[in-house]
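Please read these numbers as outputs of a predicted model, since none were measured by experiment. Chain letters run A, B, ... following the sequence lines, proteins first, then strands; residues in each count from 1.
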Protein chains: 2
Amino acid sequence: MTTIKELAKACGVSVATVSNILNNKGGASEETKQKVLKAAKEMNYTPNIVAKNLKMRNTRSIGVIAEDMTIFSIPDIIDGITQQCEEADYHILLTNLRLFKKHEDTYYHKQDYYEDVHKEIRKLQSKQVEGIIYISAHERVIKCIPEDIRIPAVMAYGYSDTAKIPSIVVDDEEGAYQLVSHLAAMGHKQIGVITGKKDSLHMQARLEGFQRALFDNSILFNPKFCMTGDWNRESGYSNTDALIDQGVTAIFCMNDVMAGGVYDRLEERGLKVGEDISIVGFDNREVSSYYKPPLTTTTLPLHDIGYKASEVMMGLLAHEELPEKEGIYKVPCEFLLRKSVGEVNE
Amino acid sequence: MTTIKELAKACGVSVATVSNILNNKGGASEETKQKVLKAAKEMNYTPNIVAKNLKMRNTRSIGVIAEDMTIFSIPDIIDGITQQCEEADYHILLTNLRLFKKHEDTYYHKQDYYEDVHKEIRKLQSKQVEGIIYISAHERVIKCIPEDIRIPAVMAYGYSDTAKIPSIVVDDEEGAYQLVSHLAAMGHKQIGVITGKKDSLHMQARLEGFQRALFDNSILFNPKFCMTGDWNRESGYSNTDALIDQGVTAIFCMNDVMAGGVYDRLEERGLKVGEDISIVGFDNREVSSYYKPPLTTTTLPLHDIGYKASEVMMGLLAHEELPEKEGIYKVPCEFLLRKSVGEVNE
DNA sequence: TTGTATGCGTTATCAT
DNA sequence: ATGATAACGCATACAA
């Protein structure tokens with residue numbers, strides 16, 4: 001590997017001059033400038049960023065800790081981060097905890113892995129990253145980032161539970177509000193809901209949005225129309241009958257997957273989605289556009305969450321005053337009108 | 001940030017002694033050892049890996065260049081890489097080219113982006129990565145890695161077209177062979193196929209596997225049973241009639257998505273999958289298990305490709321003699337028996 | 001306009 | 001068992 005010292009010797013100038021020329025500091029004569037630049041090209045000089053980092057005491061890199069790359073929410077968030085980082089000329093050091101592969105579907109109730117996270121954060125700090133973004137696979141409160149961390153940290157798709165570590169989350173409440181408002185606008189008054197798991201923050205916020213939409217449309221909230229699901233297709237299927245038999249004309253499924261289960265049961269009962277019964281989902285999973293008819297749903301703004309997380313990180317690095325005092329940034333969903341909602345027949 | 005020098009001063013010893021103790025070099029007395037370790041803990045000492053890297057002239061890091069994080073094949077491959085890297089104690093510097101977002105679905109026919117790739121490779125080399133893994137989104141020949149690169153490079157899910165840069169690819173031929181052999185074993189002799197795009201290497205290898213399975217089962221290859229699709233659901237749908245009307249009893253769809261289109265058309269024609277017509281797919285996309293009946297298919301070994309790519313990289317870094325002289329590593333698919341194939345009625 | 005010298009935090013050599 | 005010192009490649013204050 002060519003170094004500036006070798007370049008200097010080859011050109012018969014000092015390292016300082018080479019360094020100045022390479023960094024466009026000016027002060028060098030056009031003649032030596034050309035000579036050095038030419039030699040740099042010929043000798044295929046590549047700057048050693050590691051040495052530069054040591055000298056400059058910064059790395060322009062941030063550590064990204066992902067709970068599990070293979071969970072569908074993560075890649076889009078990373079994509080958003082990388083886009084913003086490219087714009088800001090920052091690089092990413094990726095840590096994939098592989099939590100799902102290691103602990104199955106149960107890790108997020110426990111805290112066994114907090115110790116692992118601390119270890120990874122220490123490693124990243126050793127590598128002199130300037131900040132850390134933690135990407136959760138399922139939105140929830142996560143306190144795996146030590147409060148006394150000496151560099152900025154941001155929680156993407158989860159709640160840090162402290163304003164010192166900003167949290168970037170989905171605006172589930174507003175997303176649900178839009179979906180259910182649409183049902184109301186189409187004349188539905190008997191609206192059932194199949195929720196996600198009770199302990200989920202997504203579920204709680206979506207339920208609040210559901211209730212606010214009912215209230216704003218002067219529709220009574222009937223607890224009997226509120227079935228508890230578990231996010232899986234089967235729980236959509238198994239909760240359909242109770243709702244239909246109570247006479248609902250529309251069902252708000254808190255995710256697209258459960259909506260698939262509802263479609264299945266409705267088909268068995270000879271009921272047509274979008275005509276006899278209206279359905280809306282949540283998440284805009286790829287499959288939902290293949291449902292027959294395609295499902296009206298709302299996008300999870302995963303990319304935007306990543307982008308925002310990175311933006312907030314850049315603000316932290318610049319010691320900017322952040323706009324959200326509470327440290328919670330809600331990123332809006334995008335409503336997707338498709339074919340699964342019909343006008344209600346009076 | 002605490003440094004070795006500060007530790008040394010606090011303990012009244014030299015930096016050399018501190019360094020030796022911190023790295024378990026031995027030679028220090030138990031007394032000073034304890035003193036230093038205690039101080040390190042108290043002062044929250046974190047080693048500066050950047051300085052260490054500069055001194056040691058290595059970084060134990062590799063650069064990973066992904067064509068686009070949001071394409072389904074990429075995250076699993078990265079997952080495999082991170083798993084192997086964790087075992088080998090290497091870290092990952094991630095570069096997301098975002099090719100799909102930037103150029104839509106056409107980039108892989110052009111070479112416009114080769115210049116970008118070269119730039120990213122230079123950046124990564126500046127950061128002193130010890131090797132580079134390039135992850136393609138669709139298997140094809142890609143010559144975006146300069147041949148004169150000074151560090152090891154590996155092509156994951158694509159062909160580098162040179163033995164110097166090992167290529168890790170899916171064993172499409174064998175995967176297709178197993179699928180079609182299964183159809184033959186169930187008594188099918190009139191087997192149609194809906195291919196992917198003609199210029200795709202996946203398509204060509206799968207076709208070879210298809211033909212070998214026919215040959216081994218003494219079934220004539222009828223070119224009229226070979227319909228050209230384009231990987232999209234619609235092309236499965238639109239090619240179904242021609243096949244059915246010619247009397248095939250089974251269809252090999254070269255991906256699960258097109259198989260979905262075949263299901264659609266079959267349902268319209270009142271034909272039952274797994275009874276009237278047997279279908280097999282390819283890729284094991286998540287949706288395929290929700291098809292009714294669930295689709296018999298084969299997994300794309302994406303995770304294994306990443307893992308293998310990283311393993312090969314470690315071999316390169318250790319200057320090992322690699323097993324595959326041609327530099328092409330074929331990773332096996334895993335056959336998935338579900339419900340879409342029935343025995344043929346004579 | 002150019003060169004000298006110093007230091008970033010670490011490891012390693014060679015004394016003591 | 002411990003310490004003084006050089007070196008890794010670079011940027012920079014200051015001198016020339």
query = Between the two ends of the helix from C:dT1-D:dA16 to C:dT16-D:dA1, what is the bend in degrees, rounded to 10 degrees, where each end axis spans five pairs?
reply = 50°
key: Partners meeting side chain to side chain contact (heavy atoms under 4.5 Å, CB included) with A:T82 (sequence neighbours left out)   = A:I78, A:D79, A:I92, B:N96, B:R98
Got a list of side-chain donor-acceptor pairs under 3.5 Å for residues 115-129 of chain B, not counting sequence neighbours?
{"from": "B:H118", "atom 1": "NE2", "to": "B:C144", "atom 2": "O", "distance (Å)": "3.1"}
{"from": "B:S126", "atom 1": "OG", "to": "A:P47", "atom 2": "O", "distance (Å)": "3.1"}

remark   = For B:A153, the side chain to side chain contact (heavy atoms under 4.5 Å, CB included) test, sequence neighbours excluded, returns B:I145, B:I149, B:I165
ask   = When we call it a touch if two heavy atoms are under 4.0 Å apart, what does A:S19 touch: a base, just sugar-phosphate, or nothing?
value = base
Got a list of side-chain donor-acceptor pairs under 3.5 Å for residues 68-77 of chain B, not counting sequence neighbours?
{"from": "B:D68", "atom 1": "OD1", "to": "B:T70", "atom 2": "N", "distance (Å)": "2.8"}
{"from": "B:D68", "atom 1": "OD1", "to": "B:T70", "atom 2": "OG1", "distance (Å)": "2.6"}
{"from": "B:D68", "atom 1": "OD2", "to": "B:F100", "atom 2": "N", "distance (Å)": "3.0"}
{"from": "B:D68", "atom 1": "OD2", "to": "B:K101", "atom 2": "N", "distance (Å)": "3.2"}
{"from": "B:S73", "atom 1": "OG", "to": "B:A137", "atom 2": "O", "distance (Å)": "3.0"}

Please write out the pairs of protein N or O atoms and N or O atoms of nucleotides 2-4 of chain D separated by less than 3.5 Å, giving the distance to one decimal.
{"from": "D:dT2", "atom 1": "OP2", "to": "B:S29", "atom 2": "N", "distance (Å)": "3.0"}
{"from": "D:dT2", "atom 1": "OP2", "to": "B:T32", "atom 2": "OG1", "distance (Å)": "2.9"}
{"from": "D:dG3", "atom 1": "OP2", "to": "B:S14", "atom 2": "N", "distance (Å)": "2.6"}
{"from": "D:dG3", "atom 1": "OP2", "to": "B:S14", "atom 2": "OG", "distance (Å)": "3.2"}
{"from": "D:dG3", "atom 1": "OP2", "to": "B:T17", "atom 2": "OG1", "distance (Å)": "3.0"}

message = Going 5' to 3' along DNA chain C, which are the first and last nucleotides with any atom under 4.0 Å from a heavy atom of chain B?
response = C:dC8 to C:dA12
key: Residue list, salt bridge (charged side-chain N to carboxylate O under 4.0 Å, His left out) with A:E87, at least two apart or on another chain   = none
task = Quick one: list whatever passes side-chain hydrogen bond (donor to acceptor under 3.5 Å, both in side chains) with A:E6, sequence neighbours left out.
result = none
inquiry  = Which residues pass the salt bridge (charged side-chain N to carboxylate O under 4.0 Å, His left out) test with A:K9, not counting sequence neighbours?
reply    = none
note = By ring pair (Phe, Tyr, Trp, His ring centres under 6.0 Å), A:Y157 pairs with (sequence neighbours left out) A:H202
request  = Mind running a 4.0 Å heavy-atom check of residues 37-59 of chain B against DNA chain C and sending the residues that fall below it, in number order?
outcome  = B:Y45, B:P47, B:N48, B:A51, B:K52, B:K55, B:M56
